[in-house]
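Comments concern the structure below.
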Amino acid sequence: PRDDSDTGDEPPVKKSVGNGGVVVEHYNARPEVGVIQRLDSPIIGLKNFNNWVKSVLISKFAHPALVTSSVRTQRNKGKVLDLGCGKGGDITKWSKARISDYVGADIAAVSVEQAKERWEFNRNANRIQASFATYDFCSQNLEDVFAPEILEKPFDVVSSQFCIHYAFEKEETVRRLLRNVSHWLRPGGTFIGTIPNAEQLLEHLRELPPENQDLSFGNAVYKVRFESREHSGMFGRKYWFFLQDAVEDVPEYLVYWDNFVSMAAEYNLQPLYKEEFHNVFSEHQDHPEFGPLMVRMRVMDANGESSMDEDQWEAANIYIAFAFEKR
Ligand code: SAM
């Protein structure tokens, strides 16, 4: 069966680009599993939590941009670009946000095909117009892969979940990404996403004893292995990442937040929000909408018991959520 439950649909991770296609291969190779099999994942609690964080981001920072995008009617409204859409795990979230147009782009062609199938099979999502393309945000412009009519109207929201850190190998690839986000986003529109928590990863690295030659840390759920203790410059800070049942030791790059913000400013993108996942949780656990949503998305049971064990909870804080506004 197709997954339209909006839970447990975190796509697996494999990174490519600039690494001899390792990322593309990884993501393309991971099988699409139905919702039943997905429930068997040993990290289902963490996957549900990641999905909940994305839903919170969408409600807080995408909804306002979508609502102001057109005159108030009962019709669906708003146009969203899902950059690094993977297998389309967020399509259901966007259909619940009642958007009218969804554009999905990802470097992994097999994943893009699966995202398209997910949209075709999902009756609710089918109420929205959707277009998909294989696209490398490090080296291509959107106009290279999408027909002019798809891009005619600007986006109200660009969403990039768990993916843009792949661009931080080089300055030029980050610039390509930001140029496209900014160029196709309307003024007042929002750019939302999730990226690794550089400060937290570097703190773990600094705490490693000198005898830890491997430069690695983690637990049963995740493992991070840095290439070197020291690094100069804001780009190409490489580490290898493993996440149980999701990412199989693929190269990633740290996103230094201050550098990201100052580069984004050059493209008229102003920061609205940046928070560690643990804080997204503590900020919203008692919220009248997001608290009950946690139970519906099986992050918690009705008694407030978490579906994550300690290791999953620690792994959750590898990420931060962010939002920018286009001026
Ligand atoms: N956004 C989806 C989600 O949250 O479920 C997928 C996240 S998955 C961890 C990361 C995705 O980024 C993969 O689908 C991968 O193919 C994509 N990706 C990595 N590098 C990319 C690039 N240069 N251009 C476009 N997509 C890329």
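When a ligand or atom number is given, it counts from 1 through the structure's own listing order. Every heavy atom of this structure was used, including side-chain atoms; hydrogens, water molecules and symmetry mates were not. Quick caveat: nothing in here was measured; it's all calculated off a predicted structure.
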Counting only heavy atoms, tell me which of [options] gets closest to [atom].
atom	options	value
atom 1 (N) of ligand 1	Cys138, Gly84, Ala246	Gly84
atom 21 (C) of ligand 1	Val24, Asn50, Ile107, Asn51	Ile107
atom 16 (O) of ligand 1	Asp106, Val112, Asn28	Asp106

Short list, please: which atoms of ligand 1 are under 4.0 Å from a heavy atom of [X]?
X	result
Cys163	10 (C), 11 (C), 12 (O)
Tyr135	24 (N), 25 (C)
Asp136	22 (C), 23 (N), 24 (N)

Extract all donor-acceptor atom pairs below 3.5 Å that involve side chains of residues 207-214 and protein atoms in other chains or at least two apart in sequence.
{"from": "Asn212", "atom 1": "OD1", "to": "Asp214", "atom 2": "N", "distance (Å)": "3.3"}
{"from": "Asn212", "atom 1": "OD1", "to": "Leu215", "atom 2": "N", "distance (Å)": "2.8"}
{"from": "Asn212", "atom 1": "OD1", "to": "Ser216", "atom 2": "N", "distance (Å)": "3.4"}
{"from": "Asn212", "atom 1": "ND2", "to": "Ser216", "atom 2": "O", "distance (Å)": "3.1"}
{"from": "Asp214", "atom 1": "OD2", "to": "Ser216", "atom 2": "OG", "distance (Å)": "2.7"}

Problem set entry | Short side-chain to backbone donor-acceptor contact, Lys326 and Ser182, under 3.5 Å | yes
Exercise. So, the side chain of Asp106 versus the backbone of Val112: is there a donor-acceptor pair under 3.5 Å, distance only?
Worked result: no
Within the structure, is a non-hydrogen atom of [X] found at a distance of less than 4.0 Å from ligand 1?
X	value
Cys85	yes
Gly89	no
Lys54	yes

Problem set entry | Heteroatom distance test (Phe137, ligand 1): nitrogen or oxygen, under 3.5 angstrom | yes
Exercise. Does Tyr166 reach ligand 1 with a nitrogen or oxygen that is under 3.5 Å from one of the ligand's nitrogen or oxygen atoms?
Worked result: no
Exercise. Between Lys79 and Phe155, is NZ or CZ placed under 6.0 angstrom from the six-membered ring centre and within 45° of the ring axis?
Worked result: yes
Exercise. Between Phe260 and Phe322, how do the two ring planes meet: parallel, tilted or perpendicular, split at 30° and 60°?
Worked result: perpendicular
For this session: Could you label the plane-to-plane angle of the His278 and Trp313 rings as parallel, tilted or perpendicular, counting under 30° as parallel and over 60° as perpendicular?
Result: parallel
Seminar exercise, completed: Applying salt bridge (Lys or Arg N to Asp or Glu O under 4.0 Å) to Glu143 and not counting sequence neighbours gives Arg179
Problem set entry | Residue Glu227 excluded, over 12 heavy atoms near CD under 6.0 Å | yes
